[in-house]
Protein chains: 2
Amino acid sequence: MRDDVKDILRKHDLKATPQRIMVYGKLLELGHASADMIYTQLNKENPEMTVATTYNILESFVKAGIIKRLFSSTNKMFFDINTKPHCHIYTETGDHYTDLFDPKLTEIISDYLLSKKIRNFEIEDVSIEIVAKRKNEKNYK
Amino acid sequence: MRDDVKDILRKHDLKATPQRIMVYGKLLELGHASADMIYTQLNKENPEMTVATTYNILESFVKAGIIKRLFSSTNKMFFDINTKPHCHIYTETGDHYTDLFDPKLTEIISDYLLSKKIRNFEIEDVSIEIVAKRKNEKNYK
DNA sequence: CTTCATGCAAAACATTTGCAAAAAG
DNA sequence: CTTTTTGCAAATGTTTTGCATGAAG
């Protein structure tokens, strides 16, 4: 698994440093996380991990296209290990994303947007965030 | 128009202070803006306008439901004067939103999401951000 | 009057910078 | 070896706090 990560990094012209492997591994573990969360957790496990490095690495990963920067309504940077198109269910508190893989919805939207060219803009990506609140356990069956 | 704003505020149990009227008016003028932009512009026009008050007011407006907090990939707070469902075209730089009122797309998505209840979540709002780059003038007809 | 909003200055966060030292390929 | 990347500490920028003063209803 460590080696798989190394391969992914090298395939994208990123030197496989231990710090990069840690960051990628952590995001693999968490799925979605803020830069801050990633830094805090890694630093606890390995005190030489620094803030600046964490941010550098995340930026380099986004540039390389191996992770995605998320839209958020907080003022923190969030990232997603999954780069394929999918929707998110976003809790009111803004600190948690749940993936919603719904090929049909994704298809409906991309077909529609592609069919309808938007004058003067070239679409690069579409982000769909569903703001929702978790129902309490009693209420669902 | 000043009076219209007063009415909107009072209808939502917000005291119609001059500062609130200014903030609402500015967002009406700009459509979308960051907290920081609103503060900076208002403070230039009226030096007694303060940062804390600007943030307080924006927060109270969101709570009252008369403006919406936007999703963004920068780490700044952005707001939208328009609370009706619509999509945004979001430029790469993240500092500018263009409204895309597309009743059909909005309808497609909300119909789909409503028809398909998501186990365990109650949908409150859906936000669609289309990341795009502006084509240069020469390339569009 | 009473309650709620504002202004101020300081604190708290999150993110970025610049640069020397260290490590990857 | 050469080129990147890391670590550090300080700087930047944005948002939040606490509390006394002032204004709205």
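Every chain is numbered from 1, with letters handed out A, B, ... down the list of sequences.
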Query raised in the report: Taking the nucleotide of DNA chain D with the closest heavy atom to each, which residue, A35(B) or T17(B), is nearer the 5' end?
Result: A35(B)

Query raised in the report: Can you check the Q19(B) CD to dG7(C) C1' distance for me, whole Å?
Result: 9 Å

Query raised in the report: Which listed nucleotide (dT6(D), dG7(C), dG25(D)) is nearest to the side chain of T53(A)?
Result: dT6(D)

Query raised in the report: Does the distance from a Lys or Arg side-chain N to an Asp or Glu carboxylate O, for E107(B) and K104(B), drop under 4.0 Å?
Result: no

Query - Rounded distance (Å) that lies between atom C1' of dT16(D) and atom CD1 of I57(B) - result: 15 Å

Query raised in the report: Would you say the side chain of K76(A) and the base of dT15(C) hold a donor-acceptor pair, judged only by whether the two atoms sit under 3.5 Å apart?
Result: no

Requested in this report: Using atom CG of N43(A) as one end and atom P of dA9(D) as the other, report the distance to the nearest whole Å.
Outcome: 13 Å

**Report entry** side-chain contact (heavy atoms from CB on, under 4.5 Å) assessment of I130(B) paired with Y90(B)
**Finding:** CA-CA 6 Å; I130(B) 301 166; Y90(B) 185 86; over 6 Å; no

Query raised in the report: For N56(A) and dT4(D), what is the distance between atoms CG and C1' respectively, to the nearest whole Å?
Result: 11 Å

Report summary line: With the side chain defined as heavy atoms from C-beta on, K15(A) is closest, among dT3(C), dT15(C), dT5(D), to dT5(D)

Report task. Quickly work out the D36(B) CG to dC13(C) P distance and round it to whole Å. Result -> 20 Å

Query raised in the report: Under a 4.0 Å N-O cut-off, is there an ion pair linking D125(B) with K68(B)?
Result: yes

Requested in this report: Write down the distance between CG (D13(A)) and P (dA24(C)), rounded to a whole number of angstrom.
Outcome: 17 Å

Query - Pair S34(B)-D36(B), side-chain donor/acceptor within less than 3.5 Å - result: no

Query - Side-chain N or O of R10(A) closer than 4.0 Å to phosphate OP1/OP2 of dG25(C) - result: yes

Query - Atom-pair distance (CG on L9(B); P on dA24(D)), nearest Å - result: 13 Å

Query - Nucleotide nearest T50(A) when distance is taken to its side chain, options dT6(C), dA24(C), dC8(D) - result: dC8(D)

Query raised in the report: Do the ring centers of H32(B) and H88(B) come within less than 6.0 Å of each other?
Result: yes

**Report entry** 5′-ward residue of the pair E48(A)/A52(B) relative to DNA chain D
**Finding:** E48(A)

Query raised in the report: Expressed in angstrom and rounded to an integer, what is the separation of F61(A) atom CZ from dT6(D) atom P?
Result: 9 Å

